[in-house]
Each structure stands twice: as C-alpha cells, then as structure tokens.
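Okay, so here's the structure we're looking at.
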Amino acid sequence: MTGTGYTWLLPVLVLLPLAGALVLLAVPLLSDRLAAWIGTAIGGVTLLLSLLAAFVTWDRGFGRMQLQARTDWISALGLEASLGLDGVSTPLVLLTALLAVLTCLHLTRAEPDRLLVVCVLTVTGGAIATFTALDLLLFFVAFETVLIPMWFVIGVWGDGRQEGQPANAAARFVLYTAAGSAVMLLGIILVITRTGTSDITELIQRGGAGLSATTQTVAAVLIVIGLAVKTPMWPLHTWLPPAHTIAPTTGSVLLAGVLLKLGTYGLVRVAVPILPAGMANVAPWLGGFAVTGIVWAGLACLVERDLKRLVALSSVAHMGFVLLGVASMTPTGLQGALFANIAHGVVSALLFFVVGALKDRQHSSDLQQLGPGLRDRMPRLGWLLTFGAVAGLGLPGLAVFWGELLAVAGAWQSSGLGMLNRPFAVIAAAGTVIAAAYWLRVLRVLWQGRPEPGQGPDATRHETVTMMPLVLATVGLGLVPGPLLGATAGVVRLLLPGGGAVP
Amino acid sequence: MIHLLGPLVLASVLAGLGVYGILARRNAVLVLIGAELLLNAANLLLVAASTLPAGGLAALGQATGQVQDPLIPGQSMAIFVITIAAAEIGVALAIVLLLFRARGTVELTAVQELGEASATYTETPQTAKANGQ
Amino acid sequence: MTESAALLAVLLPAAAAVFGLLTKRSWAADWAVLGSAGALIAAIAELTLVSTDGPVSSIGLLGSAQLGSITIGLDLRSDQLSAVVAVMVALVALCVQIYSTAYFQGEGTAETPTRYRAYAATVSMFTAAMMLVIHAGDLVLLLIGWEVMGLASYLLVGHHSERAAARAAAVKAFLITRTGDIGLVLAVVVLIAGAGTTSIAELNRAAAENEIGHGTAVTAVLLLLAAVVGKSAQFPLHTWLPDAMEGPTPVSALIHAATMVVAGVFLVARMLPLFLTAPGALQIGAVLASVSMVGAALAALAQTDLKRLLAYSTISQVAYMLAAVCVASDRELGSGDPVGLAAPGVAHLLSHGAFKALLFLAAGCVVHIVGSTALADMGGLWRTHRSLAVLFGIGLLGLAGVPPFGGFWSKEAVLGAAEEAAHAGTWVGWMVLVAGVATIVLTGLYAGRAWSIVAMGRTQLSPAPHHLPAAMVFPLYLLAVPSVAFGVLLLWPPEVLHGLHIQPGTAITGALLAICAVAAALAAPRLGTADIATALPARAQTVLLDAFGFDRVIRVLVVRPVFWLATVVKAAEHDVIDAYVRATGPTTTIAGKLLRLAQTGLASAYAAWVFVGAVVITVAGMALV
Amino acid sequence: MLTETSARLTGVPSIDLVALLPVIAPVVALLLILLADALRPGLRLPSDLIGLAGLLTAAGGVAYLALDGEDRNTACSGGFVVTTGQTGPTRLPESLSPAEFGFGCSYVVSDLTLAVQGIVLLGAVACLLLALNGPGAKDRTAHHTLLLATVAGATALAGARDLATLTVALETATLPTIGLIALRRDAQGAQAAVTMLLTAIASLGMLLLGIGLLFLATGSLYLFRIADVLAAGPDRPVLVVAVAGAVLSLAGIGFKVSLVPFHMWTPDTYAGAPLPIAAFLSTVSKAAGVSAAVVLLGIGLPALHEAWAPLIGILAVLTMTVGNLIALRQNVAVRLLAWSTVAQAGWVMLPFAAAGPSRDSVREATAGAIGYLLAYVVASLAVFAVVVLVARHHRSGEEHTLQTYRGLSRTEPVASAVLAFALLCLAGLPPGVMGLIAKVVALRPVVDAEVWPVAVIAALNVALALAYYLRWVALLVAPGDRSAPRWRLRPAEGIVLGGAAAGCLGLSVGAEVIAGLLPGILH
C-alpha cells in the first residue's frame, strides 16, 4: 500500500466534522438528543477514518508526511491548503477524534444541546486541521478556528450559578489566547516574509537555513509566546483555571484534551524545526518557565479547594513537563513532550469526565462539599477518580509516567539548556512528588473518609461507557508505550537540527 | 517683483487668524468667517508659489531642464479653492440655518449633547424623550 | 518453559486482580487465593527450571520502547535470585490471601465496611507488581512494578480509610517512598544519558567491564540508593513504616514486613555489579543501614503497640540485609563474584520474610482475639492459646536469632560478611559488625519483652478460649516450617546462596548474646519489672517511643515549609500573576473613560484637535527628515 | 509622428469617457433625478431606479475597465521644457515616461483606481438600498442626489493623480455627506452636521496649506511629477518644506479616515446621523479618505516615506488603541460601531507604517491597506444592515443599546448569524477568515519592515477589539425575550443583508481576493 492513494482522507477528516457542524447548525428542527447522536455518529466516522489514516501512515512510514493533499488557496500570500500526516500528528488526530466521540456520547445523556454539539464538531474539525496543516498560515487559521466555538461552550453552557461568571471566564479565555496568537501571527508572518514560503515541510527541510540568528530568535520569541499562552506556560496560565472551572464537562474535556495540545503541537511542529537557532536561545527560558510551572502549579494544587480548578492547575504542571521536553531540544525530550501531550489529553479528559459527573450530582466542585467517603457512597465513580488521580500523579505503568520520564531524561542530557539542564531535570522530578502530594490530598478528602448520609447515584452505565475508553487508553499507553514511542521516534530526528544528535 | 517671503508671512498671519477665529468664536457664522480666512491663506500661498519658475523651490538652483506645466497650476488651483470655499459656505449656511431652526440660536455651545463627555449627554436620547413624555 | 513459568508468576496474580474486580463479588476470594497459589506453583516451577536449565535473560512482556537513540526492552528475566525470592513472595502472598479470607469475614458494618473485594484485588495487584520487580530485566520495567507496589501499599494502608490515622499513614507511606523513588527515576534518566541502556543485565555487564563512566556510575548508584532507602524504610526515610501499621495486619505481614520493604535490598543485590563500581555510595548505604539497625531496635524496645514494635524490628532487620550487601565492596571474596557477595543479604531476606510474616500473622490472630493492638491489652496467650503462642514464639526466636531457628543462620551470615570486611581493615566493616552485634542484644531484649508481655503476663481475656478460624491458623503453620527449618537450606544451598560463610566466632558470640538478651527480657518479670522497657528512665522511654522525634523534625523541616510555600504560591497566583491579568479590565476602563473626556460635543473643540494634531505631526515630520 | 507629438504637447487635455465612466455615471444619474424631480416632484420608484442605475452603470464601467485590463490615462497635459537660451519643445526627461503620462495626467485608471472604485460603489449601492426605508424615504431627491454626488467624488478621488483633482474630489466626497447627515432635521442632526462641517473645514484648511507648501517646494501639482522631483533628492530646506506640506495634507485627509486625533467628530456624527448615513460614512466616505491618503502618499510622496511612515505608524496604533479603548465601554450600538470604525481605520492605515525606500514596499503597503479596506467595508455593511433592521423594529430606534440584541438569535436566527459572522470578520477570528486574512495582509508589510512596536501594539489590539465584538455576539445568544415579533424584511434590506453576508462568506472562502487585490505596479 505504498504510493499516493487515499489523498482524499485528510480533507474529508477535516471537513466532515465542520460540515456536520454546519448541517446541525442550519437544521433547527432536530431534537437536541438526536443532534447529539448525530454528532456521535459523525465523530465515530471521523474516528474510523482517522484510524484508517493512521494505519496508512504507519504502513507508509511515520517518518515523513503521508497522505498529502494540497490545493492553492491564497496564492498572493503563498498560502496553500495543504494537509499531511506523520508520526507527530497521527496520535493527536486520533486523540481528537476519540474525544469528539466521547464528548458527543456524553452529550446524548447529559443536558444535550444541538448547538453544543455544533461547537464540539467545530472544535474537532479545527483541531484536526491544525494537526494536519502543512502551511504556516493555514496552521494559524486552523489554530484560531477553535477559539470561538470554545468561547461559546464556556460562555453559554458554563456553570452559571454566579451571574456573569461564565461570560467572564469565556472572555478571559478568548482574549488571552487571542492576544497570544496575534503575537504568534507576527512571528509566523516574519518567517514567511523572510523565507518566502509558508510550506511547513519545505521550511522544516531548510531547518532555519537562510534565516539569520537574530531573525530566528525574534520569530521564535513571538511564536513561543503565542503558543505558550495556549499551552499554557507559567506565568501565562491564569486563563486556564477559570475556564476549566466554569466550562461544562464537554468544554473542560475538549479544552484539556484538544485545545491545550494545539500549543505544544505548534512548538514541536513549527518552533523547534523551523527556527532551530532561535529556539536554542529561547529554550533555556522555556525550560525555566516550564520547571517553575511544574512546581508552582503543584504547590497551588496543594491548597486548592475547588476540584475542577485543581485539575486545571494540574494541567499546568503536566504541560510544564511537555514544555520541558520541548525545551530540551533532544529527541528523547521531544518524544517525551509528544507522549506527555497525548497522555495528558487522555488522563485529564478522564478526570474532567469524573469531576463533571461528581459536579452533576452535588452541584458543586468544592472539595469539602463533594467529600468525603466517595469510595463507599459511589464506588464506581470513586474508583474512576482514584484511577485518574493515580494516573495524574504519574504512576509508572500508566500513560503520564512515560512522558514525564522522557521529558526529564531529555532535559538531563540536553545541551540546549546549558548549565541548567540537570537542575531542571531534578526539580521537574521533584515536581512529581508534589503531584503525588496533591492528588493524595484529593483522595484523602474526597475518596476516603467516613461517608456522610445523603447518597448520590453511582456512575451510570452510560457514564462508565463514556469513560472506559479513556481508562483503557491510559493503561494501554502506560504498559505498552512502544507503538506511540515508535511513531515519534523517527520523526523527531527530522525535526531537530543535525538529526537531533546528542553530543 | 516682491520677495516671496512677504506673501508667505501674510499667508501665515491669515492662517493664524483663521485658526483663531475657528477656535475662539462660539458663534457659527463667525467661525465660518475664520474658516474663510484660513482658505484664503492657502490661496495666497498657492498664488505666491506659482510665481516661482518651473520646478518650484526644488529647481531654484538648477537653471535649465525644468518642465513647465502649461495649465499654470498655482492660479488654477486658487480658482478651484475659491469655488470649493463657495460650495462650503453654501452647505455651511444651510446647516447653520438648520441649527437655528432647531435651537433658535447659532451658538455652538447650544448643541453639545452628542458629545459623550458633555453635561447634556444622554445615551439614548429618543428613548429618554419618550420616557419623559 | 522457564519463560512461561516466569510470565505466569507475574501474570497470574495480575489476572486475579482484574478478574476479582470484574466478576461476581462472591468469587473474589477464590480468584485471590487461586492467583497467589498459581504464582507460587509457577515460582517453584521457575526455581526448579532455572536451577537445571540456567537463567533466561530476556522474556518478552510489554514489547520495547524506542527512546531517542536507545531502545528499552520491557522484558522479564529469570535467574535463581528472582526465582528464590519469587517463591518466598508467592508463599507469603498465598498465606496472606488464605488468612485474609477469614480475617475479612462478612461485609462489615456501614461504619467499618470490610471492602474485601477491593482488598483482595489490591493484594493480587501487589503480588503481581512485586513479581514484576523481581523478574524485571529492565530498570524501567522494575520501576513500574516498584511504584505499583507503592500504590498498592497506599491503598492497603488506607484500607480502613474511615479512620483518620489510616488516611494519614497511607499518604505518608506513599509520599515518603515516592520521594525516594525520584532517585530511581533519576537513576534511569542518568543511565539513559550516561550508559545508553537501562537493561539490568547490560548495565551489570558494562559495570563489571568498567564501561560506564565513573561520574555516571556514582550518580546513578547514589540515586538508586535513595530509592532503596525509601522503599526499605531506612534512615532517614523510615518514618512511614511504623505508621503504615494502620493497615490491616495481613497487609503488614505481606507488604510491610516480608516483601515490599525488602525490595530495596533486592534491588541492590540485583544490581550489585553496578553498585560495586561506586564503593563510596555503598559505604553511605552501610552507614545508613547501621544507624537504622540500632536506632530502630532501640525504638522497638520501648513501643507500647505490638504492630509498631514489629514495624521497628522490620526496619532493624532490613537494615541487616542492606548492611550485608553494602559491605560487599569491602569484602575480599576470591572471585569478587557479585552473586556470592549478595548472598548473606539475600539469605536474611528470605529467612526474615518467613519469620516476620509468621510474626505478623500471629500478631493478627492475637489482635483478633484481644481486639486491640496495644501491648497493654495483651497477656496470657500461653495459657489461652498455646499453639498460637508457640507459633508466635517461633517467630520471635527467629527474629532474635536464637539457634537453630532460621534467623540465626542468616543473621550470622550477615555478621560473617561484616567481619570479613572488618578483617579487610575497613571502618565500614567494623561499624557494621559493631552495630550488628549491638542490635543482636537489643533484638533479643525486645523479642523477649514481646514474649513476656503477650504470652506470659496477666490474662486479660475471659477464660473461654476464643476460637480461631482454620484459614487463619493454617498459614501460620505453613510459615513456621521455613522459619524453623531455614538452616536446612544451608546444607544444600542453591547457587544464589553459595557465598554464605558463617564464621564460628561471630556465630557463637551472636548466639550467646541473643540467648542472654532474650533470657534477660524473660527474666525481667521475675525480677520485679513487668516489662524491661519500664526499667529505662522515663525520659528515655518517651524518646524511644517517639523514635527520637524524627517525625517532628520532618514536619518542621519539610511539611510545614511546603505548605507555607503553597499558601504563598496561591496568594501570589492571585495577587501577583493574575493581578496583572485582572488589572487589564480596570485599566482599559479607566483609559477609555479618560479618553472619552475629550468628547465634549463642542464642534470647534474638535476642530481644535485637528489643528493641534496637524501642528504636532507636522513638527514631528519635519524633525524626522 | 512629429505632429502627433506636438499635438500631445500642446497642453490641451483629451478626455477618455470610458475611463471616466465610474465618475460620470453617478453625476448623470444625479442630474436625471434632479430633472425628474423638477418635472414631476415626488416621484419615488423612478428616482430610486435612476440612482441605482447610475451606481450600477458606474460599477459596470469599473468591471469593464477591470476586464479590459489596460491602464488608461486621461485629462493629460503635455508640458514644455524651459531652457535658457532656446524656446520650443525638447525631449522630456526619461524619468517622466512621456509615452505613458505626458507631463502628467489628472486621472489614471489603474488597479488601485478600480479597486477603490469597486469598494466605493459596493458600499454606495448597499447604503442606497438601506436608506430607501429610512432617510431616503422622506427626502428622496435630496438623499439620492447628495449620495450620488459623494460617490462621484469618491470614485474621482480614486483616479485623481493631481492635487487639484484630489482636492476637488475630496470635497465633492465630503460636502454632500454633510447634507446627508443633516437629513435628520432635529437638533441632533444639526449638531452632527455642524460637528462634521467644522472638522471638514478645518481639515480642508490644513489640506490646502499642505498642498500650497508642496506646490511651493516642487512647483507642480501632478503627483508623478512631485514624486520625480522629490526622488531626485532636493536640498534639505526644500525637503523640509515638502515634508511640512505632505504632513499637513495628511492631517487634512485624516479626518475622513477617522485617524486619531482627527477622529473626534466620528462618534457624535454617527450618533446624530440617520443610521444608513452612518453606514455610508463608515464605508464609502472612509474608503474615499483611504484612497486619498493612498494616492497622495503612495503615488505622490513615496520619497518622503522617512517622514510620514513613522508618523502613520504612530497614528495608526494610536487610532486603534484609542478607538478600541473607548469602544470597550460603549452601550449604544451605533456609537460602538463609530468607535470600532475609528479602530479599524488604524488597521487600514497600518501597512503604510512600513513604507520603505523601494517601490515594492510602498506597493505592498497599498495592497495591504486596500485589501483590509475591502474586508472592512463588506463586514461593516453586513453589521450596519442588521443594525438598521433592528433600529426599524425596535422601540428605541436608531439609538438602541446593545441590550436590544439580547436573545436575538432565538427570534431572528439568520440575521443574528449574519451579524455574528460579520462581527467576527471585523474582529478577525475564524470563522471570519476574511478578517483574519485582512489582518495578515495589513500586518505583513509592518512585520516585513520589522517595525516591532507598531506590530506588537497592533497585535494586542486584536484582543482589545475582540472584547467588545464578542460582548455583542454574546448578547445575541444570551437568553432573552422570545416573544418579540418577527421582522418584516423589505426586499432592499434583504438584498443588502444577503449580499453582505454572501460577501463575508465569499471573501472568507476566497480570501485570495483580499490578499491579491493589487497585483500590479502602483500608479
């Protein structure tokens, strides 16, 4: 199965959810539940197609762009609508499609809303487009596409028990990230004007040739700032906790599982390979912020009272590992970043599903009001929460561990971080203890303890079915990391200067 | 031939007077007179400038090779300006008339309610009016 | 065949855990017992096969993972060391699972549910994880098992999570071991970077052939040592173990006495060639072990709680094993064969596993009878439950190292190794030897004290003998066999125990000291003091009971600063970082309001702005030329 | 051959009527409406049709000229060379390219001209249709004639290549709008008109002074000629005079674009004018202002870029920032739009901040400005179409607040979708790809020239503007009154709404148009 077949796959993957969203938007007669089922079906087809795409890509080799499809769009800007899939993007596309199915499935029971499904599908389409875009500007357009639907999700369906809070959180989310991406746009334009092309594959091949070190540094700073807001990197992260806290379960899952991935994907796909010299200057700072974020967010979690906010803050810590992996500029670190990216997507999505289910029952996400004694009151939800927490603290054998290990390993042997590489690695590793501390605190307050009377129903079969794929994925990735690591092992060399040789 | 500086100074003085008129007066008609002064300052400048040889100031040092526009641009421009000024005054007086009909005065201070920082500003005047009645 | 046996030893308990959770509630006990029984059979088969066919270095389990330029094979390995330890682990696990079926009879009350299904599955999961640690052919795979064990320990210590003390102990146990485990993670990282491999066999080979850079080796070994110290509850990361006694007693027997806490020693034994390249690190390990040995034994002396007493004795005994492997570099053993050098530690590991599990399970029976773990509530076991008292006594004699019980032989092997090192003239050897001998005395004292309180003393119970279920008694007999007969093993030692040498001198001294100490403790009641601990000054009692106040030190130095820092961070998050974000709202509002002030509505004022603007930009433009 | 040359050099301009069709057609329509009104006062439909026909003919002319593809020059004058010692014509200097321009042409049909004319006519047609039920209903003749006159001025402005034509066209595009504003004949209408009038007069004064100085410095009113003279590198005093003239002229044009600090009239006038006229001001009138600036700076004064480019940069970011900051707290829809057009003016002018010595950079800047202008005008029209509809159907009329839009998506899903989409286009966030590409196009030259302060402030302004656009969008979907009566859409309004929506959508998909509006050289 070599050659050029299946070029229709990627355009269909991108356009199918978007078209589905458009149709659902335009047909107001559908009942909300039916709309959610249609969304699930579209998500399912997307997932199947992305599995097919992943298979084809694997078959032809993850090391280079497969399934390329391109057509002119705005030739005056050199913008081509060109898509492709390789080992870096394939897992992310799969994750996005999976989460699309699960969120839509979730919506078939929990407060279905036709327009919410529209938003979910738009986010899905936009994210897949971002992950497959092979043109810088197209990447940017796709990157921005997810903003507005997400803004709607937070602002309209957010937890509105306090007047004006959803609107505030949504506005903060969208304004913060839009400001960041506007800055990133400057960097992207700079790259395009200086190199004369916006073709990512071409730019990666050049690897910064023809760009002076200064230009690269400026562009890297601009692009990294934009992506760091989205990731989010300490200290640009303060939009995330309110957004997660207010967003409905669907929104939180998408935010954690899809949106945050865009930022780190951008770092790996754009910043590192296209601006190697610039990133070499930026990397120590990036690493420093990443490590600070790990510790900072962990400490903040230790005293956080709101469970959703806590999960959000823990995302900041997790993304700190991803950023550290990127900043290390080593194959191992990059692999770790990509692994941690996927792992965080799976685990935090699971956690948000669980927390959402708890919140639905107790109408609060405050730790004191949710607990204690979950293990006796709602055993199934309790165990799911425990599983999520244990995965979140990076237990070896579960998905998150590999990302953290590789990120730390990358940082340890990184020459790009200079003298600070080993201190960074050690601090990051110490961050895993803090992670354990706050997760155990959550379990201690929530899961353990003497249950109080006033029982809520345990997880329904529907909820369990929604969460099970994520549990299985967490275990699967944790125990058998080979395939995912294999997918990225070859391609990260192509993304690093000099094939990523570690001196 | 008088020195170029004289008309220029005169034009500056006229412009200054015009600006002062526009700024200092609150009576719409007097403001318009100031505006006329300003426009005529420009006219004076144009006509004075057209006395220069072809190429303007830039060509003063270079004696030869300058191309002269056959349409005598300075003067014709002045005629355009006079026409524009006339049209301007026509429109302006119509507006002043409208103002007088609406408020019974031509003082500019009488109509400030659209300014967001003015004392008489209301966000939705029509609704306010309707509610007031 | 060996491959299948090793795989089964790991996978059967894992499968038991999964099935125990997924199938009917009433099958949970069956799955649990079947799983560990299967593991035991597999382990015995493995031992036999390994002894005849030789070791197998690579058994595919989880595929391989490509990290950067190196490939990590997540494979198992099987050799005599793993097989022997596996047998011990599976045996104890089986005993504990059988014991637990009776220990957790019924559903419990709403206030104190037994949660047997979760318990049994967790114990199965623990067994699988321990098997994974034992069989891991790669450090990363070992790390997976290592931390899953920690998780199981956390879940089981906090099993009765309705008790606040259990919750606190569970968190403490996990966090302290995790702190040590950073060392293991970083060691993996260091080895990935420095040695280019994490395969244990490969590392040992490279270390033996001096292919690993000195810096890498020392760093890695020190980091590994941190993990060992954490997991094996050695000073200064030992404080979690006594608290972990909040867990159900069978769990204490399995995890916090026989298996998990000795994983650290196992790791050192497993990677001894690597450790031998960094003698300095081993010396540090020996120092920590000596401190733990004596300190824990002293603390055990004054405990008022039977389980805590046993916990401190565990720390002390594990310290023996650690000390035994840590003096390895100072011993002059002809070939320098790492297997032989590790033998004393491994031997003590095995015998300790048997007698300590026996002790804990017996203690569980006592607690079951008395309904309390406090020593003050016990007494007169000899009169009410004589067979149980005998079993308990066997365990105590093993612990005290009184010949001919199992503990004697292994402990003397340890002392023999220390003496060998001491003869080689190193201070480490002397230190371990002195500490070991001192500890023998202390151990004898507290073992005798335990006996005199629990078995003798005044009967606190009603005269009607409390009946013990067979499922609780049978495992005791099962464990008593190796506790008594461990010495027999030394007549035909397996290859892994070949390096064992018992020096007659130390052996006789040790035996005499142990017997004297036990006798002194036993005689104490007759001499007027019911409990030799009370013979100590009150001040000393408090200090020892408190284990030298080390907990408080940690609380002051670590816990409080961290929480203080966390509150600072939370405040800074809100008042510094987010303040800038929040400030944009008011700032823009104020700016907008200020700018609006110009909109006076006066037409000529607007014209004025035109003039002003024109003049300003004209001047600016002229300046720019 | 010789006679031909001499005929070209006599100085009598020849007129190409086809080239001037976009200017002449509105004027003819204007005259016809006046004639019809004189013959039979009170005619409604015919005058609507005549006006529309005039605009469409002009648009047809633009389309024909665009398809024709040939650059045309008209109203050209020859020149003669003054030499001491000898009289009579001699060869013109090479730089003037006599074969193309002669001494200079007052009106040139180029890509630039046609693009601006197209934008102007687009806006004009839409505003005419929108006005049919509003201000145009009562004073049809006045409205139509004034509007057509403005359009004629604006189209002429796009082709104007000498300062006299430029001034006349600019005033033709300004004075009638004052009349249009005053069509609302109450005190506020009067105030709005007076405000605009005074600003216009003051600005005219500045413009004329500036032109006088430019003329003084270069001795010509033809932009090509001025460009050549300045490019030849005159002495510093001359340069200073020229710069003073250039910047004063810019100040005179600034009010039309609503550049800060010449923007003060904008909110007051928008609020006081009938809504369709506000739409007209924010599209056609602004387009005229932009084209005046583009023609003056890009064609006449590229050599002075060192002086005006930084100034434009400062003014552009100042304009954006001030406009956005004040718009953030506006509650009245039309005032919010007024401030947002101020902010958008900053974006339109932004590319000029990057003008450099090369002709290409000036062309790039112009392309950016015109591309942005197109996107802005189309989106603006869509927004105004909905605002006009809301004003017609809501009690509080033209000064309705944003609260009026609460829950509009429930009662009027299509109109709210169009409004939301158009607002996102203005904000420049997908799905409003059009606006995003426009921002890329506008930022590109600035980034290319690495004018970082300007670029970064502009980028941050994206978020600032997004705040109020999204506030509006959020209200659309907020839960609200479901009982409001359905709208009755008139055909003209429907056409504008649908057309503008289609425009937004079409330009989002075919964003090529925005980016590639000006492929050729600039003249």
Side-chain angles (χ1 to χ4, degrees), chain C residues 65-69 189 562-625, chain D residues 191-203 205-207 209-210 213 236 239-248 250-252 254-255 259-269 304 306-312 314-315 321-330 339 463-464 467:
Chain C
Q66 209 183 338
L67 318 183
S69 50
V189 166
V562 165
F563 272 92
W564 176 79
L565 208 58
T567 33
V568 169
V569 159
K570 190 173 162 81
E573 167 105 357
H574 185 265
D575 297 336
V576 181
I577 296 186
D578 200 41
Y580 286 106
V581 182
R582 272 177 288 128
T584 51
T587 311
T588 50
T589 310
I590 292 168
K593 277 188 181 149
L594 286 179
L595 289 168
R596 261 166 71 145
L597 288 182
Q599 302 296 127
T600 55
L602 186 65
S604 49
Y606 295 180
W609 279 101
V610 172
F611 295 135
V612 170
V615 170
V616 168
I617 64 170
T618 306
V619 170
M622 284 159 72
L624 278 169
V625 184
Chain D
Q191 188 195 342
V194 165
T195 308
M196 170 91 176
L197 177 74
L198 277 194
T199 312
I201 289 180
S203 298
M206 295 301 107
L207 176 66
L209 285 175
L213 288 176
R236 199 183 134 75
L239 215 53
V240 171
V241 174
V243 164
V247 177
L248 272 178
L250 179 65
F255 87 101
L259 271 184
V260 171
F262 315 109
H263 69 291
M264 314 280 289
W265 60 275
T266 315
D268 294 12
T269 303
L304 299 183
E306 274 175 35
W308 56 256
L311 287 179
I312 294 237
I314 294 168
L315 289 186
T321 314
V322 169
N324 283 331
L325 282 176
I326 303 188
L328 275 175
R329 300 290 152 184
Q330 295 296 333
W339 284 111
L464 216 51

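Lettering of chains follows the sequences in order, A, B, ..., and the numbering in each one begins at 1.
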Among D:T195, D:V260, D:I314, which residue forms the greatest number of heavy-atom pairs with chain C at distances under 4.5 Å? D:T195
Is it the side chain or the backbone of D:L315 that comes within 4.5 Å of chain C heavy atoms, both, or neither? side chain
Kindly compute the distance separating CG (D:L311) from CD (D:E306), expressed to the nearest 0.5 Å. 12.0 Å
Greatest number of heavy atom pairs closer than 4.5 Å to chain C - which of D:W308, D:F262, D:W265, D:F255: D:F262
Once you round to the nearest 0.5 Å, how far does OH of C:Y606 lie from CG of D:L198? 11.5 Å
Look at D:P310, D:A307, D:G245 and state which one has the largest set of heavy-atom pairs under 4.5 Å with chain C. D:A307
Report the distance from atom CG of D:N324 to atom CG of C:L595, rounding to the nearest 0.5 Å. 11.5 Å
Using a heavy-atom distance cut-off of less than 4.5 Å, which residues of residues 608-625 of chain C contact chain D? C:W609, C:V610, C:F611, C:G613, C:A614, C:I617, C:T618, C:A620, C:G621, C:M622, C:L624, C:V625
Under 4.5 Å to a heavy atom of chain C? For D:L248 that would be both
What parts of residues 567-590 of chain C touch chain D if we use heavy atoms and a cut-off under 4.5 Å? C:G585, C:T588, C:T589
Interatomic distance, CD1@D:I326 vs NZ@C:K593, rounded to 0.5 Å, equals 12.5 Å
Residue, of C:A607, C:A591, C:G592, that accumulates the most heavy atom pairs under 4.5 Å with chain D: C:G592
Using non-hydrogen atoms only, which part of D:L464 is less than 4.5 Å away from chain C: side chain, backbone, both, or neither? side chain
Sequence neighbours excluded, the answer for side chain to side chain contact (heavy atoms under 4.5 Å, CB included) partners of D:L250 is D:L297, D:I312
Hey, does the side chain of C:Q599 reach the backbone of D:D268 with a donor-acceptor pair shorter than 3.5 angstrom? no
Among residues at least two apart in sequence or on other chains, which ones pass salt bridge (charged side-chain N to carboxylate O under 4.0 Å, His left out) with D:R329? none
